[in-house]
Amino acid sequence: ERAEARGEFLQLDPSGRYGLTRESILNTGTRGESVVVIDASIDLVKQLENIGGIRLISVWIGLDSVEQYENRIKAGLESGQLSIPDETPKANFVRSKINEIVNDIEYGLVSG
């Protein structure tokens, strides 16, 4: 809780029990291991870009089509993993999520 309050975590797991810190990334590299693999969102990638002393190599893994992303969003809504804010039509929510995904893909491709 203290580390979280101090903003030391780059990312926390959903339970809030485990997290990724700048120091953990840097310390792993200094122990002689050559690679740290992180499943990172675009927000986390942007944070990682600001850490000195590391070399980032990104790999984008995505689905084949916008339709597949849309199907995943709808499945997330049906399962309860995603929720639509009050007063937002479902179609608008899905469209905004697709736009976020497209922006993330674009960022990943352009940022190198």
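- In this structure, CZ in Phe9 is found 9.0 Å from OG in Ser24, a value given to the nearest 0.5 Å.
- Gln81 contributes atom CD, which lies 12.5 Å from atom CD1 of Ile73 (distance to the nearest 0.5 angstrom).
- In this structure, Lys74 fails the cation-pi test against Tyr69, since its NZ or CZ atom is not both closer than 6.0 Å to the six-membered ring centre and inside 45 degrees of the ring normal.
- In this structure, Ile101 CD1 and Ile98 CD1 are separated by 4.5 Å, a value rounded to the nearest 0.5 Å.
- For the residue pair Leu12 and Gly19, the shortest heavy atom distance occurs at CD2-CA, 3.9 Å.
- At most 12 heavy atoms of other shown residues, nucleotides or ligands fall within 6.0 angstrom of atom CD in Glu67.
- To the nearest 0.5 Å, atom CG of residue Leu48 and atom CZ of residue Arg22 are 11.0 Å apart.
- Counting only heavy atoms from C-beta outward, the side chains of Leu10 and Ile51 approach each other to under 4.5 Å.
- Residues Ser79 and Gly76 approach most closely at OG-O, 3.2 Å, considering heavy atoms.
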TODO: Just do the side-chain contact (heavy atoms from CB on, under 4.5 Å) check on Asn103 and Ile42 with the steps written out, would you?
DONE: CA-CA 10 Å; Asn103 288 334; Ile42 293 298; over 6 Å; no
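- To the nearest 0.5 angstrom, Glu78 atom CD is 9.5 Å from Asn71 atom CG.
- Between Glu49 and Lys46 there is no salt bridge, since no side-chain nitrogen of the basic residue lies less than 4.0 Å from a carboxylate oxygen of the acidic one.
- Contact annotation: the side chain of Leu44 approaches that of Leu20 to within less than 4.5 Å [non-hydrogen atoms, C-beta and beyond].
- The number of heavy atoms from other shown groups lying within 6.0 Å of CG (Asn99) is above 12.
- Contact between Glu70 and Val94 at its shortest, heavy atoms only, is CG-CG1, 3.7 Å.
- With rounding to the nearest 0.5 angstrom, the CZ atom of Arg95 is 11.5 Å from the OG1 atom of Thr88.
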